[in-house]
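Let me begin by presenting the structure, written as C-alpha cells, before commenting on it.
Computation of the quantities below employed the complete heavy-atom set of this structure, encompassing side-chain atoms and omitting hydrogens, waters and symmetry-equivalent molecules. Here is the naming used below: chain letters follow the sequence lines, and residue numbers restart at 1 for every chain.
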Amino acid sequence: MTKTESAKPTNFIHQIIEQDIRNNVNGGKVVTRFPPEPNGYLHIGHAKSICLNFGTAQKYGGQCNLRFDDTNPEKESQEYIDSIVEDVRWLGFEWAGDICYTSSYFDQLYDYALHLIREGKAYVDDLSAHEMREYRGTLTEPGRNSPYRDRSVEENLALFEKMKNGELSEGAAALRARIDMASPNMNMRDPVIYRIRHAHHHQSGDKWCIYPSYDFAHGQSDAIEGVTHSICTLEFEDHRPLYEWLIENLPVPAVPKQYEFARLNLNYTVTSKRKLKALVEEGFVQGWDDPRMPTISGLRRRGYTPASIRNFCEMIGVTRSNGIVDMAMLESAIREDLDASAPRAMCVTRPLKVTITNFPEGEEEWFDLPAHPKDESMGSRRVSFGRNLLIEQEDFEEVAPRKWKRLATGDAVRLRGCYVIRCEEVIKDASGQIIELKCTYDPATKGANPEGYKANGVIHWVNSDRSVPCEVRLYDRLFTEANPDGDKEQDFQSFINPESLVVLSDARVEPGLEGAAAESRFQFERMGYFSVDKDSTADKLIFNRTVTLRDSWAKIQAGS
RNA sequence: AGGGGUAUCGCCAAGCGGUAAGGCAACGGGUUUUGAUCCCGUCAUGCGGAGGUUCGAAUCCUCCUACCCCUGCCA
C-alpha cells in the first residue's frame with residue numbers, strides 16, 4: 001500500500017498524521033513502533049495496536065519498528081519474545097530492519113540518567129518503597145519532598161555509580177526525576193526512573209543490575225529510533241506530561257509525540273494479561289494457544305485467518321472512547337473471510353446410521369461435488385454414496401415439527417449433492433433410543449427434482465464405509481457472562497462456560513479430507529467452519545470449530 | 001473546586017456550524033440441492049441532561065450528570 005491509496009483519514013490519529021504531513025512536521029516522515037513487553041502472549045487487543053501501528057506506517061509510506069520493551073527482566077522471557085515475533089509475522093506484518101530491544105539502549109539510557117543528575121534534575125533517594133508511598137501524598141493531597149531530594153550532584157553521581165556497580169541491595173535506593181511533589185499529576189511527583197534489580201536479563205545478561213523504568217525508557221527509546229508518532233493506550237495519558245518533560249530535558253536526537261487511543265474490550269472474554277495468565281496457569285484452559293483464548297495464537301488455532309483479524313480491527317475503528325465490542329463482530333469477520341475462501345465438505349458430527357435398503361450391498365457410487373458453490377476455480381471433490389450411510393442425529397425427528405426441513409418418518413429429504421431418500425422405518429434399541437433408519441433412495445433424483453412429490457429439504461451425510469473417522473472439537477464462548485470481570489462480588493473464573501469445549505470423538509468426514517494438513521480450513525456444510533488442529537495426525541484427524549454458520553433455524557426454535 | 005479523559009441507534013463508529021454515513025446485531029421479504037451465502041427492505045425529527053449564542057447547533061459557550069484512568073522501585 002502506498003500513500004496515494006489513502007483516500008481519507010480513517011481515524012483521529014490518521015487525521016493528526018495527515019495534518020503533520022501537510023505541515024511538513026518531521027519532514028513528512030512517519031515512524032511508529034509496536035512496543036510489547038515480553039511478559040505474556042499477544043491477544044486480540046494487541047492485534048488492534050499492531051494493525052494501527054503497522055497499518056499506519058504502511059498507509060503513509062513510513063516504517064514501523066517491533067520493539068521489545070524489556071525493562072523488567074524478572075517478568076520477561078525469551079519464550080514470550082519468540083511467540084510475539086511469530087504472532088506479528090502471522091498477522092501479516094513486517095517490521096523495519098532488525099527487531100529492536102529497549103535493552104540495547106541501556107548504555108545510552110544510563111548516560112541520559114547521568115545527564116539529568118548533572119543538571120540537578122534527578123537524585124538518588126534512599127527512601128524505602130513504603131516510605132516513598134507515604135511521601136507521595138494522595139490524589140487530593142500534595143506529596144512531601146524526600147529528605148534526600150537536595151543531595152549534591154557529586155553525591156548523586158557517586159551514589160548512582162554505587163547502584164550501577166551492584167554495591168547497593170535491591171530497594172536500598174532508586175534514582176528519581178526531580179520534578180514536583182505537589183503536582184496534581186501523580187506521575188510528576190518525582191517518579192522513579194532507575195531501580196536496582198540484581199537479576200539476569202534475557203538480552204543483556206548480567207551486565208546491569210539497575211534497570212530504567214518504563215517512563216524513563218519508553219520516550220527516549222522512541223527518540224533514539226526516530227519514532228514520530230508514539231501510539232499507546234489511554235491509561236498512559238497521564239504519563240504524557242512526563243514523557244514530554246523527559247524529552248525536553250534530555251539531549252535526545254528527535255522529538256517524538258505520544259498519542260493515546262482506547263484499548264479494545266470484547267464481550268464474553270477477558271483481555272488482560274494477568275487474567276489470561278491465570279486461566280492458563282490454573283488450568284482453566286489448556287495453554288496460551290487454547291482455541292478458546294482471545295490470544296493471537298489461540299485465535300489462530302481456533303481457525304481465524306490473519307485477514308479476518310485485520311478486517312475486524314478495521315471494522316471497530318480507533319477512537320478515544322472506551323467501549324465493549326460485541327463478539328458477534330469478530331465472528332462476522334471470520335465468517336466473511338471463510339465463506340469466500342473455505343472449501344466445502346460434509347462432516348457428520350453425531351452420526352445416526354442410515355441403511356438404503358434398495359441400494360445393493362457392496363456397491364458404491366461416486367459423486368463430483370463443487371468445492372465451493374460460487375467459486376469454480378476451487379475445483380471439485382469426490383464423495384461416495386452406498387448402502388450404509390450416516391446422517392446427523394439432529395437431522396431426524398420421528399414426527400416433523402412445524403417448518404421442519406429435514407428428515408422425518410415417512411418423509412423424503414435430499415442428501416446434499418446426491419439422491420433424495422425416504423425414511424421407511426425407524427429402528428430403536430431396548431431403551432427406545434433411535435439407532436438406525438431404514439430408507440430408500442429415488443434413483444431418478446440424481447441432479448433432478450423428484451417427480452410427484454417434494455423433498456423436505458437438504459441434509460448432509462457421509463458413506464459409512466468410506467468416511468474418515470475424526471474428532472471434532474466444538475468451541476463456544478469461554479464465559480457465560482458478557483462482562484465476566486464486571487462483577488465486584490464474583491471472580492471472573494466463576495463465569496467460565498462449562499460447555500466452552502465439547503469433544504465429539506465419533507465424527508465422520510468425507511473421504512477427501514483424509515490427511516488434511518494442520519491449519520487447513522473447511523466449511524462443513526450446515527455445521528460451521530472448521531480448522532484442522534495442530535495436534536492432528538494421520539491416525540487421528542482433529543477438527544476445531546472456528547465458528548458456526550448463521551443459524552436462522554436456531555432462532556425459529558428459540559422463538560417457539 | 002485533586003488531575004486527566006469519554007458521552008451520537010442494542011454494539012462499534014462517521015460527523016469538525018448548513019439540517020444524523022457505514023458496519024455488526026435485529027426484524028420483514030426474494031433467490032437457493034448448505035435453515036449458509038447472496039439480494040431487497042425496515043431500523044436515531046434524534047446526538048448524556050439543562051440553558052445560551054446563531055437565520056441555522058451533534059458540532060460553539062455555560063452549568064450539570066454518568067462512566068473510565070491515575071497514589072508500583074509494573075508496563
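Across the strands present, B/C16 finds no partner; the criterion is a Watson-Crick or G-U wobble pair with both atom distances under 3.5 angstrom. Pairing for B/A36 is absent, with no Watson-Crick or G-U wobble pair whose two atom distances lie under 3.5 Å. Pairing for B/G41 is with B/C27, a Watson-Crick or G-U wobble pair whose two hydrogen-bonding atom distances lie under 3.5 Å. Pair check for B/C63 finds B/G49; Watson-Crick or G-U wobble, both atom distances under 3.5 Å.
Taking the 5' to 3' direction, RNA chain B first and last meets chain A under 4.0 angstrom from a heavy atom at B/G2 to B/A75.
Salt-bridge check for A/D125 with A/R149: failed, with every basic side-chain N at 4.0 Å or more from each acidic carboxylate O.
Comparing the C1' positions of B/U59 and B/G52 gives a spacing of 15 Å, expressed to the nearest Å. Using P as the reference atom, B/U31 and B/C40 are 15 Å apart when rounded to the nearest Å. Taking atom P on both B/G48 and B/U6, the two are 14 Å apart, rounded to the nearest angstrom. Separating the P atom of B/C12 from that of B/C68 is a span of 15 Å, rounded to the nearest Å. Of the C1' atoms belonging to B/U8 and B/C47, the separation is 4 Å, rounded to the nearest Å. Between the C1' atoms of B/C64 and B/C74, the separation comes to 37 Å (whole Å). B/A1 and B/C9 have their P atoms separated by 32 Å, given to the nearest Å. Between the P atoms of B/C16 and B/C60, the separation comes to 11 Å (whole Å).
The salt bridge (Lys or Arg N to Asp or Glu O under 4.0 Å) check on A/R67 picks up A/D222, A/E225, with sequence neighbours excluded. Checked against side chain to side chain donor-acceptor pair (under 3.5 Å), A/R382 has no partners two or more places apart in sequence or in another chain. Qualifying side chain to side chain contact (heavy atoms under 4.5 Å, CB included) partners for A/E74, counting only residues two or more places apart in sequence or in other chains: A/N72, A/E170, A/R197, A/A199. Every residue was checked against the salt bridge (Lys or Arg N to Asp or Glu O under 4.0 Å) condition with A/K162, not counting sequence neighbours, and none meets it. By the side chain to side chain contact (heavy atoms under 4.5 Å, CB included) test, A/I16 pairs with A/F12, A/D20, A/Y259, sequence neighbours left out. Taking A/R477 as the reference, nothing meets the side chain to side chain donor-acceptor pair (under 3.5 Å) condition, with sequence neighbours excluded. Shown here are the salt bridge (Lys or Arg N to Asp or Glu O under 4.0 Å) partners of A/R526, two or more places apart in sequence or in another chain: A/D395. A/E525 is linked by a salt bridge (Lys or Arg N to Asp or Glu O under 4.0 Å) to A/R381, A/R416, counting only residues two or more places apart in sequence or in another chain. For A/R136, the side chain to side chain contact (heavy atoms under 4.5 Å, CB included) partners two or more places apart in sequence, or in a different chain, are A/R133, A/M186, A/R189.
Looking at heavy-atom distances under 4.0 Å, A/Q15 makes contact with a base. Base contact: A/P373 has a heavy atom under 4.0 Å from a base atom. Within the 4.0 angstrom heavy-atom criterion, no nucleotide atom of any strand lies near A/L369. Residue contacts shown for A/I459 are absent, as no nucleic acid heavy atom lies under 4.0 Å away. Across all strands, A/R189 comes closer than 4.0 Å to no nucleic acid atom at all (heavy-atom distances). A/F236 comes within 4.0 angstrom of a base, heavy atoms only. Counting any heavy atom pair closer than 4.0 Å across all strands shown, A/D69 reaches sugar-phosphate atoms only and no base atom. Heavy atoms of A/T71 sit under 4.0 angstrom from primed sugar atoms or phosphate atoms, though from no base atom. Using a 4.0 Å heavy-atom distance criterion, A/T445 is classed as a base contact. Contacts of A/E260 with the nucleic acid, taken as non-hydrogen atoms under 4.0 Å apart, are absent.
Taking every heavy atom of residues 334-349 of chain A and every atom of RNA chain B, pairs under 4.0 Å involve A/D339, A/R344, by number. Of the residues in residues 309-323 of chain A, those placing a heavy atom less than 4.0 Å from an atom of RNA chain B are A/M315, A/I316, A/V318, A/T319, A/R320, A/S321, A/N322, A/G323, in numerical order.
Nearest heavy atom pair, residue A/L299 against residue A/P294, reads CD1-O, 4.0 Å. Considering all non-hydrogen atoms of both residues, A/T269 and A/F479 come closest at CA-CD1, 3.8 Å.
Under the side-chain contact (heavy atoms from CB on, under 4.5 Å) rule, A/I84 has a single partner from A/D87, A/V88, A/I81, which is A/V88.
Along RNA chain B, the nucleotide nearest A/E237 and the nucleotide nearest A/H218 are compared for position; the residue whose nucleotide lies closer to the 5' end is A/E237. Closest-nucleotide positions on RNA chain B for A/R550 and A/E76 were compared, and the one nearer the 5' end corresponds to A/R550.
Applying the 90° criterion around 0 to the glycosidic angle, B/G22 comes out anti.
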